[in-house]
Amino acid sequence: MRAPSILVALGLIICGCSVPVVQQVAAPEPQPLAPGAASMTLKLNRVIVEVPKGSVVGEQREGPECVSKEPLKWKADTLVYNEGEYHTAFESVLGQYNFLAGKTVKGRSTTALFDAPPTAPAGELLLGARITNVRQNDCMSRGLFNMHAPIHKGSVHFSVHWEVYAPKEQKVILAVDNEGSGALDEFKSDGDVAYFARAFSAALKGLLRNEEFRKLVTKK
């Protein structure tokens with residue numbers, strides 16, 4: 001009988017098995033700003049992911065049981081995000097801790113964190129993030145209903161170089177280096193995107209805890 005075997009296969013796809021988790025770092029919660037407190041508006045200008053193309057960043061596993069193992073090689077050139085999942089995560093985290101998020105305006109694609117010269121309304125600071133040193137383990141699965149759209153789960157850890165640019169002064173006024181990590185233990189159609197966004201959110205929380213950054217944001 002084929003029906004039971006199909007149900008078992010579908011069950012494996014849904015529940016999946018484990019894939020090794022890369023090193024995860026703690027992400028303590030930042031202290032929220034007081035509701036209504038005077039603060040600068042923050043806008044994420046650009047996120048750049050720089051990993052040498054072809055470098056091994058971790059493990060790639062395949063199948064619902066994540067048993068087929070091979071080196072995970074970075075396939076992309078430098079990635080530039082002027083909008084999308086990182087900007088969505090940025091606005092979500094800022095709102096959670098009462099920081100003001102500026103409206104995202106799509107900029108031109110460039111490997112610089114800021115356009116020259118950047119423009120912004122008075123009382124607004126621009127942020128740029130450069131992601132490097134990516135370590136990633138991923139499991140990809142294809143099933144009866146997703147042969148052309150594989151689902152993913154896994155984890156990532158990376159370094160982030162943040163820069164804060166003051167349009168009024170036309171210069172970078174603060175640079176902060178930290179790291180972030182994120183994991184997803186269930187298969188999702190955008191699973192790899194999800195755990196990268198979680199790691200970015202963790203690094204952003206670290207920035208929001210930085211005392212120098214907080215002084216800049218609350219100084220109007």
Side-chain angles (χ1 to χ4, degrees), residues 24-50 79-110 112-115 118-132 134 155-184 188 190 192-220:
Q24 299 290 290
V25 295
E29 300 293 319
Q31 181 67 33
L33 296 181
S39 63
M40 304 287 281
T41 299
L42 305 173
K43 182 168 72 177
L44 181 60
N45 191 64
R46 184 169 294 125
V47 177
I48 297 172
V49 183
E50 287 187 343
L79 299 174
V80 179
Y81 297 88
N82 295 300
E83 60 182 350
E85 60 269 16
Y86 293 117
H87 291 72
T88 299
F90 180 84
E91 294 173 6
S92 176
V93 172
L94 259 59
Q96 185 179 351
Y97 300 102
N98 300 327
F99 288 77
L100 299 178
K103 183 179 179 181
T104 298
V105 178
K106 186 174 181 179
R108 65 185 184 211
S109 178
T110 173
L113 290 178
F114 306 101
D115 296 322
T119 58
E124 185 168 273
L125 296 175
L126 303 180
L127 276 70
R130 191 179 302 274
I131 294 173
T132 58
V134 172
S155 57
V156 70
H157 174 279
F158 50 64
S159 302
V160 185
H161 174 74
W162 300 93
E163 291 186 4
V164 181
Y165 186 94
K168 183 178 180 180
E169 302 174 44
Q170 294 193 4
K171 67 178 183 179
V172 172
I173 57 175
L174 180 66
V176 176
D177 292 291
N178 66 8
E179 56 187 350
S181 59
L184 184 69
K188 289 190 175 181
D190 60 348
D192 48 346
V193 172
Y195 60 72
F196 265 84
R198 289 183 181 184
F200 180 80
S201 296
L204 176 57
K205 290 179 182 179
L207 179 66
L208 299 187
R209 293 194 308 272
N210 183 279
E211 289 301 321
E212 290 185 76
F213 177 78
R214 294 177 73 92
K215 287 178 183 178
L216 285 176
V217 172
T218 54
K219 182 179 69 174
K220 297 198 71 173

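Within the 4.5 Å cutoff, side-chain heavy atoms of L204 are placed close to those of W162.
Taking every heavy atom of both residues into account, P32 and N98 meet most closely at CB-ND2, 3.9 Å. For the pair S181 and A202, the tightest heavy-atom approach, listed with the atom from each and the gap, is O-CB, 3.8 Å. Shown here for Q24 and S155, the closest heavy-atom pair between the two residues is NE2-CB, 4.0 Å. Closest heavy-atom contact between F158 and F200: CZ-N, 3.6 Å. Here the closest non-hydrogen pair linking A199 and V156 is CB-CG1, 3.7 Å. Across all their heavy atoms, M40 and E124 have their closest contact at CE-N, 4.0 Å.
We find the NZ-CZ distance between K205 and R209 to be 9.0 Å, quoted to the nearest 0.5 Å. Taking CD of E163 as the reference point, atom CZ of R46 lies at 12.0 Å (rounded to 0.5 Å). Distance check, rounded to the nearest 0.5 Å: CG of N45 to CG of L113 gives 8.0 Å. Note that the NZ atom of K43 and the CD atom of E91 stand 10.5 Å from one another [nearest 0.5 Å]. Atoms NE2 and CG, from H161 and N178 in turn, are 11.0 Å apart once rounded to the nearest 0.5 Å. Going from atom NE2 of H87 over to atom CG of N82 covers 6.5 Å, rounded to the nearest 0.5 Å.
Within 6.0 Å of CD in E212 there are 12 or fewer heavy atoms belonging to other residues, nucleotides or ligands.
Between the side chain of R198 and the backbone N or O of A183 there is at least one donor-acceptor pair closer than 3.5 Å. T132 contributes no side-chain N or O that, together with a main-chain N or O of E50, makes up a donor-acceptor pair within less than 3.5 Å. Using modelled atom types, one side-chain atom of T218 and one backbone atom of R214 make a donor-acceptor pair closer than 3.5 Å. Under a 3.5 Å cut-off, the side chain of D190 and the backbone N or O of V193 do not form any donor-acceptor pair.
Among L127, L42, D177, the one residue that satisfies the side chain to side chain contact (heavy atoms under 4.5 Å, CB included) test with L207 is L127. For the side chain to side chain contact (heavy atoms under 4.5 Å, CB included) with L94, the qualifying choice from L208, L100, T41, L44 is L208, the only one to do so.
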